[in-house]
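The structure under discussion appears below in the form of structure tokens.
Everything numeric in this text was worked out from a predicted model, so none of it was measured. For this chain, numbers begin at 1 and follow the sequence in order.
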Amino acid sequence: MIIKKEDLKERKDFSLEEHSPFMILDTKHFQYFSDIEKFGYAVEVLNVINSITWINKMYRDLKSDLHIETEIFYEIIDCILNSKRFSDQQLERYYLAQQKLEQFSSITHKLTDTDNNFDVPFTVDFIILGANQEQYENLSDDRRNELHDEYAALFCQVRSGEIEIEDFLLQVKALIFSMDELELENSI
């Protein structure tokens with residue numbers, strides 16, 4: 001999206017904080033506004049290429065034969081910047097890539113309809129790991145937060161494959177056992 005400088009001041013929804021999702025590029029070296037527009041479109045196409053690169057990486061990681069061509073999008077940038085047209089062969093490649101993007105999009109929309117609700121609450125994890133729910137609920141807020149923080153660190157490691165499941169289970173069971181021991185000490 002290209003926003004003119006004068007329009008930028010009027011847009012209240014456009015924030016430029018440290019982690020803003022927007023990029024500002026200096027365009028004063030462009031002689032004509034049409035050159036700015038072409039450059040902006042080229043950047044938009046680069047953004048699509050970046051997304052396709054991540055999609056293709058996901059396909060590879062899933063050992064899939066699916067692949068979306070990115071080369072055709074680089075050719076689009078060349079056409080934009082040099083005011084050229086696509087040949088029929090290039091157009092076919094482009095629309096084939098668009099079809100594949102649509103297929104990917106329809107699959108992910110089905111997933112997002114589930115709100116990516118794949119996370120089981122840590123409390124449930126504690127229960128299936130052997131924690132006594134009543135003892136867990138009787139923990140002080142500080143101890144419960146500490147338990148969640150320690151578990152979250154281990155959970156992230158096992159989910160990303162940084163540690164083996166066996167090692168994870170040994171560590172979290174020790175964590176749960178220490179919670180039970182602490183609770184027993186407090187009740188004596």
message: Less than 4.5 Å apart, side chain to side chain, heavy atoms only: is that true for Asp65 and Tyr59?
response: no
task: Tell me, yes or no, whether the heavy-atom count around Phe86 atom CZ, taken from other residues, nucleotides or ligands under 6.0 Å, exceeds 12.
output: yes
- prompt: Does Ile165 CD1 have over 12 foreign heavy atoms under 6.0 Å away?
  reply: no
message: Can you tell me if Glu164 has over 12 outside heavy atoms packed within less than 6.0 Å of its CD?
response: no
task: For residues Ala97 and Ile72, report the shortest heavy-atom separation together with the two atoms involved.
output: CB-CG2, 4.3 Å
query: Where do Phe122 and Asp125 land on the side chain to side chain contact (heavy atoms under 4.5 Å, CB included) test, with the steps shown first?
result: CA-CA 5 Å; Phe122 284 170; Asp125 290 359; 4.0 Å; yes
query: When hydrophobic residues are tied together by side-chain contacts of less than 4.5 Å, even through go-betweens, does Leu91 share a cluster with Val45?
result: yes
- request: Rounded to the nearest 0.5 Å, what's the gap from CG on Leu81 to OH on Tyr41? Could you check?
  value: 12.5 Å
- prompt: When rounded to the nearest 0.5 angstrom, what distance separates CG in Asp88 from CZ in Arg85?
  reply: 8.5 Å
task: Please report the shortest heavy-atom distance between Ala42 and Ile80, naming the atom on each side.
output: N-CD1, 4.3 Å
- prompt: Rounded to the nearest 0.5 Å, what separation is found between the CD atom of Gln90 and the NZ atom of Lys84?
  reply: 8.0 Å
message: Please give me the minimum heavy-atom distance between Ile52 and Phe73, naming the atom from each residue.
response: CD1-CE1, 3.4 Å
query: Can we call the ring centroids of Phe126 and His148 under 6.0 Å apart?
result: yes
query: Once you round to the nearest 0.5 Å, how far does CZ of Phe168 lie from CG of Leu129?
result: 6.5 Å
- request: Indicate if Leu46 and Val48 have the same hydrophobic cluster label, given that clusters are the connected sets of ILVMFWY residues with side-chain heavy-atom separations under 4.5 angstrom.
  value: yes
- prompt: So how far is it from Thr53 OG1 to Met58 CE, rounded to the nearest 0.5 Å?
  reply: 13.0 Å
task: Using the rule that two of Ile, Leu, Val, Met, Phe, Trp, Tyr join whenever any of their side-chain heavy atoms come within less than 4.5 Å, decide whether Leu101 and Leu96 are in one cluster.
output: no
field: For Glu150 against Leu175, the heavy-atom pair lying closest together
entry: OE1-CD1, 2.8 Å
message: Using a strict threshold of under 4.0 Å (side-chain N to carboxylate O), is an ion pair present between Lys100 and Glu69?
response: no
Interatomic distance, Thr123 atom OG1 to Ile128 atom CD1 [nearest 0.5 angstrom]: 11.5 Å
message: Tell me if a side-chain donor or acceptor on Asn56 pairs with a main-chain N or O of His67 at a distance below 3.5 Å.
response: no
- prompt: Is any side-chain heavy atom of Ile49 less than 4.5 Å from a side-chain heavy atom of Ile77?
  reply: yes
- request: Please confirm whether the backbone N or O of Cys156 pairs with a side-chain atom of Ser160, one donor and one acceptor, at under 3.5 Å?
  value: yes
message: Using a 3.5 Å distance criterion without hydrogens, assess whether the side chain of Asn145 forms a donor-acceptor pair with backbone atoms of Asp141.
response: yes
- prompt: Have Gln98 and Tyr94 got a donor and an acceptor in their side chains that come within less than 3.5 Å?
  reply: yes
message: Is there a path of hydrophobic side-chain contacts, each under 4.5 Å between heavy atoms, that joins Ile68 and Trp54?
response: no
query: Where the side chain of Asn82 meets the backbone of Asp78, is there a donor-acceptor pair that is under 3.5 Å apart?
result: yes
